[in-house]
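Structure first, then comments.
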Amino acid sequence: MAMRTRFTDLVGIEHPIVQGGMMWVGRAELAAAVSNAGGLGMLTALTQPTPDDLRREIDRCRAMTDKAFGVNLTILPSVSPPPYADYRRAIIDSGITVVETAGHKPQEHVDDFKAHGIKVIHKCTAVRHALSAERMGVDAISIDGFECAGHPGEDDIPGLILIPAAADQLSIPMIASGGFGDGRGLAAALALGADGINMGTRFCATVEAPIHQKVKQFLVDNDERSTNLIFRKFHNTGRVAKNSVSDQVVEISTRDGAVFEDIRPLVSGLKGRQALESGDIDAGLVWAGQVQGLIRDIPTCQDLVARIVAEAEDIISGRLAAMLVREPQLA
């Protein structure tokens with residue numbers, strides 16, 4: 001049995017499951033494995049040091065899969081921003097058919113991608129932002145509930161509310177993100193009005209994820225309480241795994257008069273990369289969501305996707321269908 005949704009039709013995949021575009025993690029090994037499993041793998045553009053490196057990573061991914069995969073381009077305000085237009089050109093020139101945009105004012109990028117026939121998914125954390133992106137012309141929305149890793153926004157709306165609230169107002173396909181890790185979540189997302197799910201943290205705990213085994217086991221050993229919310233004071237809330245570094249960031253941030261410069265040395269992206277690649281959990285921030293509480297093993301992407309789809313199908317056609325009791329007809 002196959003699950004067909006508006007999103008699978010839009011991007012040409014078998015299963016309505018997308019791999020999140022995670023910094024340092026969204027590399028060819030993982031993206032290709034997810035796509036080969038029938039989902040949509042996602043390279044992370046800014047993980048690559050230069051646009052030419054991104055071109056080479058796209059080529060490397062193509063050597064590993066003949067299925068569709070996408071590229072995430074996250075646009076963040078910065079004093080010295082990366083050359084976003086050059087990364088965009090690398091994506092277009094490489095013939096990528098699906099892009100996930102996220103972050104600050106993506107209009108020029110969306111317009112250029114669309115002009116070249118590329119399907120654009122935009123990541124949002126609020127219904128109002130999703131509606132704005134729909135007006136901008138994107139093809140699909142990835143809506144992030146408060147449970148998610150990364151930046152859940154400042155409204156603190158969990159997926160159980162955010163997903164149906166967005167579904168009520170959007171006319172384009174929508175995938176649900178934040179807190180998804182098994183077939184129960186997929187079935188629930190579809191019931192709430194989504195056309196699929198996006199998983200980040202769950203795909204980190206797979207054989208193909210290009211991070212250290214100790215980090216993968218760390219995610220398995222953690223539970224749903226094992227996250228910290230950081231940067232709240234600076235109105236840029238982020239959800240990360242609970243470790244000595246994020247504990248310290250939270251503690252420093254609560255001090256009277258604390259400013260971002262007080263925590264900057266602790267939250268360096270390079271230190272986070274060191275943690276992921278070395279297995280030293282306390283070397284830097286490890287970005288992870290509350291779904292850690294549902295992660296109990298480290299399967300291949302093929303096994304994980306197949307298991308999630310089979311479980312969701314069984315829930316929908318078995319457990320839920322069995323709850324429908326036909327009333328006896330009166331003679």
Q. Which value, rounded to the nearest 0.5 Å, describes the distance between Phe231 atom CZ and Ile263 atom CD1?
A. 5.0 Å

Q) Testing Val99, Val138, Val120 for side-chain contact (heavy atoms from CB on, under 4.5 Å) with Lys114, which one passes? A) Val120

Q.
Pairing donors with acceptors under 3.5 angstrom, does anything connect the side chains of Asn228 and Ser246?
A. yes

**Q.** Val259 with Leu266, same ILVMFWY side-chain cluster at under 4.5 Å
**A.** no

(Q) For a quick test of reading the model, state the closest non-hydrogen atom pair linking Val215 to Ala275 and the distance between them. (A) CG2-O, 3.4 Å

Q | Non-neighbouring partners of His151 that pass ring-ring contact (aromatic ring centres under 6.0 Å, His included), sequence neighbours left out | A | Trp287

Q | side-chain contact (heavy atoms from CB on, under 4.5 Å) evaluation trace for Phe203 with Val25 | A | CA-CA 9 Å; Phe203 276 125; Val25 184; over 6 Å; no

Q | Residues in salt bridge (Lys or Arg N to Asp or Glu O under 4.0 Å) contact with Lys119, at least two apart in sequence or another chain | A | none

Q.
Less than 4.5 Å apart, side chain to side chain, heavy atoms only: is that true for Val220 and Gln217?
A. yes

Q: Using distance alone, with no hydrogens and no angle criterion, decide if Thr101 and His109 have a side-chain donor and acceptor under 3.5 Å apart.
A: no

Q: Flag the pair Leu30 / Pro210 as yes when at least one side-chain heavy-atom distance between them is below 4.5 Å, and no otherwise.
A: yes

Q: Apply side-chain contact (heavy atoms from CB on, under 4.5 Å) to Ala37 and list each qualifying residue two or more places apart in sequence or on a separate chain.
A: Gln302, Val305

**Q.** Short side-chain donor-acceptor distance under 3.5 Å, Ser244 and Asp282
**A.** yes

Q | Test item: side-chain donor near acceptor, Arg55 and Ser94, under 3.5 Å | A | no

Could you list the donor-acceptor pairs under 3.5 angstrom formed between side-chain atoms of residues 161-176 and any protein atom two or more places apart in sequence or on another chain?
from, atom 1, to, atom 2, distance (Å)
Ser171, OG, Glu134, OE2, 2.5

Q | Minimum side-chain heavy-atom gap Lys123-Thr74 below 4.5 Å | A | no

Q.
Checking Phe234 now: which residues fulfil ring-ring contact (aromatic ring centres under 6.0 Å, His included) with it, not counting sequence neighbours?
A. Phe260

**Q.** Pairwise side-chain contact, Arg135 with Leu131, heavy-atom cut-off 4.5 Å (strictly under)
**A.** yes

(Q) Looking only at side-chain N and O atoms, does Ser226 offer a donor or acceptor that is under 3.5 Å from a partner on Gln292? (A) no

(Q) I'd like to know if the side chain of Lys271 reaches the main chain of Pro265, judged simply by a donor and an acceptor atom lying under 3.5 Å from each other, with no hydrogens or angles considered. (A) yes

Q.
So, taking the atom named CD in Gln19 and the one named CG in Asn72, what distance separates them when rounded to the nearest 0.5 Å?
A. 9.5 Å

(Q) On a heavy-atom basis, which atom in Leu186 and which in Ala312 lie closest, and how many Å separate them? (A) CD2-CB, 3.8 Å

(Q) Could you check whether any side-chain heavy atom of Ile211 comes within less than 4.5 Å of a side-chain heavy atom of Cys204, counting everything from C-beta outward? (A) yes

**Q.** Exam field: side chain Lys216 to backbone Val207, donor-acceptor pair closer than 3.5 Å
**A.** yes

**Q.** Residues forming a side-chain contact (heavy atoms from CB on, under 4.5 Å) with Gln107, sequence neighbours excluded
**A.** Asp111, Met136

Q) What is the minimum heavy-atom distance between Leu294 and Arg184, and which atoms define it? A) CD2-NH2, 4.0 Å

